[in-house]
Amino acid sequence: MKKVPAEPLPRATLEIRGVSLYQGFLDRETQEQMVEDLRAVVAAAPLFQPETRRGQKMSVRMTSAGKVGWVSDRRGYRYEPSHPQGMGWPPIPASVLSVWNAVAGSDRGPDCCLVNYYGEGARMGLHQDRDEADFEQPVVSISLGDDALFRIGNLTRGGKTESIWLTSGDVLVMGGAARLVYHGIDRLRPGSSALLPNGGRINLTMRVAR
DNA sequence: AAGTAACG
DNA sequence: GAAT
């Protein structure tokens, strides 16, 4: 298989602790296309509300697209080739893949796109994305819908943190030395975006899982 | 602790 | 925001 050179990377609007932020990366039309594509994803692989490995419900609802999807239950955090309800994961939409191609700087494609839906009041505690096999590969994150307060910590628990508001169309890359940085979502700003008819926020994270 | 909450 |  011939290796395809990665695109030259666009310039980040902001770097925080090694995390690259591309604010306003997606125009409104592209965001709308993505939301339409995601309707098909959710129709094929319904959102579910996972539990942490200690059995507590997370406040986000999630599903995945790609060869594997991220799942969580008392058996732990892992990537699985099928949805907890038994069906396969649908393919990652082209509109989403094009973002990876633009900013990942990788010669591989993602094999998982985790789709997280944050309703009003949903949060995600500080955590690392560490269930993948190769930490040389970045994680690319897309924000759609309501603004969210994103918090960035350190490579280990504890210490000072920094926060920044993410808005619809922002793209963020955790790679290199920042690949394993702790991060999370503290809160939404309800009603701040009209992209999603029923409000809330969608976060897409593309990963190379294996 | 991919959670929650008390406390500063 | 830090600590548990």
Side-chain angles (χ1 to χ4, degrees), chain A residues 14 16-19 21 38 41-42 45-85 89 92 96 110-135 137-166 170-175 177-190 200-210:
Chain A
L14 193 58
I16 305 180
R17 299 187 176 196
V19 175
L21 194 50
L38 290 167
V41 168
V42 171
L47 293 168
F48 59 97
Q49 195 172 355
E51 298 185 345
T52 65
R53 66 190 352 150
R54 295 164 71 145
Q56 298 173 42
K57 287 267 189 204
M58 295 173 57
S59 54
V60 301
R61 294 193 299 150
M62 66 175 59
T63 188
S64 290
K67 299 290 186 197
V68 292
W70 189 83
V71 300
S72 169
D73 54 32
R74 277 131 313 202
R75 297 189 300 145
Y77 308 139
R78 63 201 183 274
Y79 289 93
E80 292 278 10
S82 55
H83 188 284
Q85 296 165 30
W89 307 104
I92 303 175
V96 178
D111 40 32
C112 173
C113 174
L114 179 58
V115 179
N116 280 327
Y117 177 73
Y118 293 75
E120 194 171 337
R123 296 175 287 121
M124 174 104 45
L126 280 177
H127 67 280
Q128 293 173 302
D129 290 4
R130 54 177 296 177
D131 303 312
E132 301 76 32
D134 181 3
F135 298 140
Q137 297 292 335
V139 171
V140 173
S141 161
I142 301 172
S143 294
L144 297 169
D146 284 342
D147 299 348
L149 187 57
F150 182 70
R151 185 150 158 193
I152 306 175
N154 303 284
L155 296 175
T156 56
R157 286 214 172 261
K160 294 187 178 179
T161 63
E162 294 181 65
S163 297
I164 184 160
W165 283 96
L166 300 178
D170 287 356
V171 171
L172 176 158
V173 179
M174 289 183 290
R179 173 61 178 76
L180 289 171
V181 80
Y182 275 86
H183 60 281
I185 293 291
D186 280 349
R187 60 192 171 94
L188 298 193
R189 197 142 55 192
R201 170 177 188 260
I202 295 170
N203 177 246
L204 305 175
T205 47
M206 284 175 280
R207 304 105 185 277
V208 176
R210 316 175 49 99

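Quick caveat, the model's predicted, so the values are computed rather than measured. Values reported hereafter were calculated over all heavy atoms of this structure, with side chains retained and with hydrogens, waters and symmetry mates removed. Naming convention: chains lettered A, B, ... in sequence-line order (proteins, then strands); numbering from 1 in each chain.
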- Query: Between A:L38 and A:L204, does a side-chain contact (heavy atoms from CB on, under 4.5 Å) hold up when you go through it step by step?
  - Reply: CA-CA 10 Å; A:L38 290 167; A:L204 305 175; 3.8 Å; yes
* If only atom types and distance count, is the side chain of A:D111 paired as donor or acceptor with the main-chain N or O of A:G66 below 3.5 Å? -> no
Which of A:R207, A:R78, A:R210 passes salt bridge (charged side-chain N to carboxylate O under 4.0 Å, His left out) with A:E132? Answer is A:R207
Item to check | Verdict with supporting geometry, A:L14 and A:I164, side-chain contact (heavy atoms from CB on, under 4.5 Å) | outcome: CA-CA 10 Å; A:L14 193 58; A:I164 184 160; 3.3 Å; yes
In whole angstroms, the gap separating C1' of B:dA1 from CZ of A:R151 amounts to 14 Å
Between OH of A:Y118 and C1' of B:dA2 the distance, given in whole Å, is 8 Å
Query - A:W89 side chain to A:E80 backbone, donor-acceptor under 3.5 Å - result: yes
note: A:R187, atom CZ; B:dA5, atom P; distance rounded to Å ~ 17 Å
Separation of C:dA2 atom P from A:Y182 atom OH, nearest Å, is 15 Å
- With distance as the sole test, does A:S59 use its side chain to make a donor-acceptor pair with the main-chain N or O of A:R123 at under 3.5 Å? yes
Anything under 30° is parallel, anything over 60° is perpendicular, the rest tilted; go ahead and classify A:H83 against A:F48. perpendicular
Could you go over nucleotides 6-8 of chain B and give all protein N or O partners under 3.5 Å, atom names and distances?
none

Using the P atom in both, what is the distance from B:dT4 to B:dG8, to the nearest Å? 22 Å
| message | Students often get this wrong, so: under 4.0 angstrom with heavy atoms, is A:S163 touching a base, only sugar-phosphate, or nothing? | response | sugar-phosphate
Rounded to whole Å, the CZ-P distance (A:R157 to C:dT4) equals 13 Å
Residues of residues 123-131 of chain A with a heavy atom under 4.0 Å from any atom of DNA chain B, listed by number, are A:R123, A:M124, A:G125, A:L126, A:H127, A:D129, A:D131
Rounded to the nearest 0.5 Å, the OG1 atom of A:T52 sits from the NZ atom of A:K57 at a distance of 10.5 Å
If pairing means Watson-Crick or G-U wobble with both distances under 3.5 Å, then the partner of B:dA2 is none
* Establish, with yes or no, whether the OP1 or OP2 oxygen of B:dT4 is under 4.0 angstrom from a side-chain nitrogen or oxygen of A:S59. => no
When rounded to whole Å, the CD1 to P distance for the pair A:I185 and B:dG3 reads 11 Å
Winner on side-chain proximity to A:Q56, out of B:dG3, B:dA2, C:dA2, is B:dG3
- Message: Within the 4.0 Å heavy-atom criterion, would you say A:T52 contacts the bases, only the backbone, or no part of the nucleic acid?
- Response: sugar-phosphate
Between CZ of A:R78 and P of B:dA2 the distance, given in whole Å, is 15 Å
Base, sugar-phosphate or nothing for A:G159? Non-hydrogen atoms, less than 4.0 Å.
sugar-phosphate
Rounded to whole Å, NE2 of A:H183 lies from C1' of C:dG1 at a distance of 19 Å
Of the candidates B:dA2, B:dA1, C:dA2, the side chain of A:M58 sits closest to B:dA2
Has A:R201 got a side-chain atom pairing as donor or acceptor with A:S143's backbone, closer than 3.5 angstrom?
no
Self-check item: Side-chain (A:N116) to main-chain (A:M62) donor-acceptor, under 3.5 angstrom
Solution: no
Per side-chain contact (heavy atoms from CB on, under 4.5 Å), A:V139 is matched among A:V181, A:V19, A:D129 by A:D129
Stems in DNA chain C, runs of 3 or more consecutive Watson-Crick or G-U wobble pairs with both distances under 3.5 Å, sorted by first number, are none
Output for pair (A:T156 OG1, A:Y182 OH), nearest 0.5 Å, gives 7.5 Å
